[in-house]
Amino acid sequence: MKILIIIPCYNEEENIERVVANLKQAAPEADYLIVNDCSTDRSAAICRDNGFSYVSLPVNLGIGGGVQCGYLYAREHGYDITVQMDGDGQHDPAYLHRILAPVADGTLDMCIGSRFIERDGFQSSVMRRVGINFLSALLRVLCGVHVRDVTSGFRACSKRLTAFYADHYAQDYPEPEAIITAVLGGYRVGEAPVVMRERMGGVSSISPFKSVYYMVKVSISLIVFRLTSHRRKGGERT
């Protein structure tokens with residue numbers, strides 16, 4: 001099967017070389033595409049000098065726009081499975097097989113790598129775990145799916161879901177919204193246990209203040225999406 005690893009990258013000059021090296025060692029059979037989201041550091045130069053497979057966006061689109069660019073590329077080039085993997089080194093490609101297997105055998109359309117099933121490795125901060133648990137419970141109420149690690153960006157998608165995301169993908173902190181759009185669209189979503197690392201270098205874009213803002217903003221977005229989806233379905237029935 002043709003597999004594409006999408007690696008969104010914004011100011012990851014300290015990490016991107018190791019990310020690609022680890023990926024090539026763990027999964028040499030997979031293709032990858034680094035989406036350089038208008039980085040202001042040396043990320044683009046490092047990709048160019050090392051001959052990495054990458055595209056550079058002319059303007060900063062944020063994580064959602066960068067990932068959607070990867071899905072568009074995957075659809076246009078006929079990939080069977082598309083995987084998201086962060087450019088900061090937190091996602092260990094040694095666990096790729098765990099999220100690929102349920103998609104490859106047709107059990108799931110999306111398999112999310114969860115650090116909270118076996119609870120090994122880096123578990124994030126207490127405040128972020130509180131927010132993740134809240135969003136997990138909210139998603140369960142809104143669409144009936146139980147996903148523990150709703151903000152995990154380490155996920156594999158089927159060819160069918162890749163085509164859907166190429167046209168429909170949330171733009172701002174999209175991971176939880178991508179789950180609800182998939183579930184309400186009739187796609188099968190589940191999890192597999194993985195072990196994550198702490199960021200290898202650089203600084204996360206999500207500060208403690210932004211974590212609170214993120215939880216509130218995403219919660220409102222999820223509720224509004226669910227309500228408008230229900231109304232659209234009701235209108236179609238009438």
Side-chain angles (χ1 to χ4, degrees), residues 3-24 26-27 30-48 50 52-77 79 81-93 95-96 99-100 110-113 115 124 128 149-157 161-162 164-179 181-182 194 196-207 210 214 218:
I3 301 169
L4 178 70
I5 315 294
I6 303 170
I7 306 174
C9 171
Y10 178 70
N11 290 350
E12 296 292 359
E13 64 180 6
E14 295 184 36
N15 304 314
I16 197 63
E17 285 186 78
R18 283 177 290 179
V19 168
V20 174
N22 290 338
L23 175 59
K24 287 181 175 180
D31 295 336
Y32 70 91
L33 179 71
I34 298 167
V35 182
N36 174 43
D37 192 18
C38 204
S39 294
T40 58
D41 65 359
R42 296 187 63 256
S43 293
I46 290 169
C47 291
R48 182 182 63 249
N50 284 277
F52 292 160
S53 174
Y54 79 103
V55 294
S56 281
L57 303 179
V59 295
N60 180 267
L61 297 181
I63 182 66
V67 171
Q68 188 174 15
C69 174
Y71 281 120
L72 283 164
Y73 181 93
R75 183 178 66 180
E76 292 301 314
H77 291 81
Y79 283 94
I81 300 178
T82 309
V83 177
Q84 293 175 225
M85 193 177 85
D86 287 353
D88 59 9
Q90 286 190 302
H91 299 157
D92 189 344
Y95 292 90
L96 271 170
I99 63 172
L100 285 169
M110 179 199 290
C111 185
I112 300 166
R115 77 200 98 173
S124 191
R128 288 192 189 182
D149 204 348
V150 296
T151 63
S152 170
F154 194 26
R155 48 184 67 183
C157 294
L161 186 53
T162 293
F164 175 78
Y165 281 154
D167 292 324
H168 310 282
Y169 202 76
Q171 298 303 300
D172 191 14
Y173 303 120
E175 289 85 2
E177 293 182 55
I179 295 171
T181 56
V194 300
M196 294 190 186
R197 308 161 171 157
E198 289 193 66
R199 166 182 277 273
M200 293 191 299
V203 179
S204 172
S205 62
I206 304 179
S207 64
K210 284 186 177 180
Y214 168 80
V218 173

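Among residues two or more places apart in sequence or in another chain, the ring pair (Phe, Tyr, Trp, His ring centres under 6.0 Å) test is passed with F164 by H168, Y187. Applying the side-chain hydrogen bond (donor to acceptor under 3.5 Å, both in side chains) criterion to S56, with sequence neighbours excluded, gives N36. The side-chain contact (heavy atoms from CB on, under 4.5 Å) search around L61 returns D37, L57, V59, not counting sequence neighbours. Applying the side-chain hydrogen bond (donor to acceptor under 3.5 Å, both in side chains) rule to Y79 yields the partners D31; only residues at least two apart in sequence or on another chain are considered. Applying the side-chain contact (heavy atoms from CB on, under 4.5 Å) test to A156 and every residue at least two apart in sequence or in another chain returns I81, V83, I99, L100, V103. Listed by chain and number, the residues in a salt bridge (Lys or Arg N to Asp or Glu O under 4.0 Å) with D92 are R197 (sequence neighbours excluded). For the side-chain hydrogen bond (donor to acceptor under 3.5 Å, both in side chains) test, residues two or more places apart in sequence or in another chain that qualify with Q171 are Q68. Not a single side-chain hydrogen bond (donor to acceptor under 3.5 Å, both in side chains) links Y95 to another residue, sequence neighbours left out. Annotation: salt bridge (Lys or Arg N to Asp or Glu O under 4.0 Å) contacts of D149 (sequence neighbours excluded): R115. Under the side-chain contact (heavy atoms from CB on, under 4.5 Å) criterion, E177 pairs with A170, S221, L222, not counting sequence neighbours.
Here CG of L72 is found 11.5 Å from NE2 of H77. Values are rounded to the nearest 0.5 Å. Interatomic distance, Y32 OH to K24 NZ, rounded to the nearest 0.5 Å: 4.0 Å. Of the inter-residue distances, the one linking R155 atom CZ with C111 atom SG reads 10.5 Å to the nearest 0.5 angstrom. The structure places OG1 of T82 at 9.5 Å from CD1 of I3, a figure rounded to the nearest 0.5 Å. Rounding to the nearest 0.5 Å places CG of N11 at 11.5 Å from CD1 of I16. Between the CZ atom of R42 and the CD atom of E12 there is a distance of 14.5 Å, given to the nearest 0.5 Å.
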Side chain to side chain contact (heavy atoms under 4.5 Å, CB included) evaluation trace for V55 with C69
CA-CA 9 Å; V55 294; C69 174; 4.1 Å; yes
Decide yes or no on side chain to side chain contact (heavy atoms under 4.5 Å, CB included) for I5 and L96, but give the supporting numbers first.
CA-CA 10 Å; I5 315 294; L96 271 170; 4.2 Å; yes
Step by step, would you call F52 with E17 a side chain to side chain contact (heavy atoms under 4.5 Å, CB included)?
CA-CA 9 Å; F52 292 160; E17 285 186 78; 4.3 Å; yes
Pair V67-V35, side chain to side chain contact (heavy atoms under 4.5 Å, CB included): steps then yes or no:
CA-CA 7 Å; V67 171; V35 182; over 6 Å; no
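In terms of heavy atoms, H91 sits closest to G153 at CE1-C, 3.5 Å. The shortest heavy-atom contact between Y169 and A178 is CE1-CB, 3.8 Å. In plain terms, the two heavy atoms of Y71 and I6 that are nearest each other are N-CD1, 3.6 Å. For the residue pair M110 and C157, the shortest heavy atom distance occurs at CG-SG, 4.0 Å. Considering every non-hydrogen atom in both T151 and P176, the closest pair reads CG2-CG, 4.4 Å. C9 and S39 get closest at one heavy-atom pair: O-OG, 3.5 Å.
Of the candidates D88, L33, I63, I63 is the only one forming a side chain to side chain contact (heavy atoms under 4.5 Å, CB included) with P8.
Contact of the D86 side chain with the I7 side chain is not registered, since no non-hydrogen atoms from C-beta on lie closer than 4.5 Å. For the pair R128/Y214, no side-chain contact is recorded, criterion being any heavy-atom separation below 4.5 Å from C-beta on. At least one side-chain heavy atom of R48 sits under 4.5 Å from a side-chain heavy atom of Y54. M85 has its side chain within reach of L23: a pair of non-hydrogen atoms, C-beta onward, lies under 4.5 Å apart.
Applying the salt bridge (Lys or Arg N to Asp or Glu O under 4.0 Å) test to residues at least two apart or on different chains, the pairs with a partner in residues 64-77 are R75-D167.
Judged purely by atom type and a 3.5 angstrom limit, D41 uses its side chain to pair as donor or acceptor with the backbone of E13.
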